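A quick write-up on the structure given underneath.
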Amino acid sequence: ARELATAEKNGASSDDRWQERKDGARFWASGVTTALRDANGQLRGFAKVLRDNTGRQAAEAARLHFRSLFESAPGLYLVLRPEDFTIVAASDTYLHSMRTRREEILGRTLFDVIPDDPSDPDADGVRNLRASVERVKATGRADVMAVQRYPVRRPSAEGGQLEERWWSPVNSPVPGPAGEVAYIIHRVEDVTPFIRHMTAEARESEAHQLLQRRAQHMEAEIVLRAQELQHANDQVRGLSEALETPAIERAPLQAA
């Protein structure tokens, strides 16, 4: 009634709320109700356009949720959606190390944010990274990667050139309520100084072996993060269900 009254007075009215389909499934609806008038300005009825924005609403809720868990985490973390490896959260330390800002990477895919060096035709870092996260998605198990070379672009104030950096990555799954992979945690450690030191002493192969074993130990830390995330997800899911129930539209939606 309020929507119709507002539309009649102002010409249109918008609303966002949970609604329920005939089969009981709930979805987050964004709607606009528009008043229809004849040539004389007399009200003849209303038109309503409704959009299912459940995915967008869920993405926003996930972003806010991960923000509290990961933005202040001491490690270099990214949280990815397994469907397309889109970044939904990043820790402050990751942003600082990569010399980027949160608004520049959220919503983009991991492979857009971590590109290969365009001047190196033999670069295979992105291919290795894609294979690793695909394995996590397919198996539901953590994947420890070998040390990878991903250059970082300096800020334009510092010239904007690519700076050679070496990383030790681990990708780990976060299980959902049905055991599916709900998210993937991409955790890296900047090992550039160590690699440079060992290379100068002609011990690069030994350095990579040592870092591979160290990365395997890092996996335990990420498992703890994943457990924290799963527990928080369960709490938020229960709270959301309790809050959403009173706002559900009980009237079944009629086909146009």
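The residues of the chain are indexed from 1 along the displayed sequence. No experiment lies behind these values; they were computed from the predicted model shown.
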Within this structure, what is the [atom1]-[atom2] distance for the pair [X] and [Y], rounded to the nearest 0.5 Å?
X    : Y    : atom1 : atom2 : value
W18  : R26  : CH2   : CZ    : 7.5 Å
R37  : R44  : CZ    : CZ    : 12.0 Å
S91  : L78  : OG    : CG    : 7.0 Å
N53  : W28  : CG    : CH2   : 9.5 Å
L76  : W167 : CG    : CH2   : 6.0 Å
L129 : E134 : CG    : CD    : 10.5 Å

Should [X] and [Y] count as an ion pair when the cut-off is N to O under 4.0 Å?
X    : Y   : value
K137 : E83 : no
R102 : D92 : yes
R17  : E3  : yes
D16  : R51 : no
R21  : D23 : no

Atom CZ of R141: over 12 foreign heavy atoms under 6.0 Å: no

Within one Ile-Leu-Val-Met-Phe-Trp-Tyr cluster: L4 and V32, side-chain cutoff 4.5 Å: no

Listed partners of D124 passing salt bridge (Lys or Arg N to Asp or Glu O under 4.0 Å), at least two apart: R127

E104: salt bridge (Lys or Arg N to Asp or Glu O under 4.0 Å) partners, not counting sequence neighbours: R101

Any idea which heavy atoms bring [X] and [Y] closest together, and the distance?
X    : Y    : result
I185 : Y77  : CG2-CD2, 3.5 Å
S13  : A7   : CB-N, 3.8 Å
L106 : A90  : CD2-N, 4.4 Å
F46  : L36  : C-CD1, 3.9 Å
S97  : D190 : OG-OD2, 4.0 Å
L110 : V133 : CD2-CG1, 4.2 Å

Donor-acceptor pair, side chain of T192 and main chain of W166, under 3.5 angstrom: yes

Side-chain donor or acceptor of N40 paired with backbone N/O of Q42 under 3.5 Å: no

Does [X] reach the side chain of [Y], with side-chain heavy atoms less than 4.5 Å apart?
X    : Y    : value
M145 : N128 : yes
I87  : V113 : yes
L50  : Q19  : yes
R99  : E163 : yes

Over-ring placement of R130 relative to F85, 6.0 Å and 45° cut-offs: no

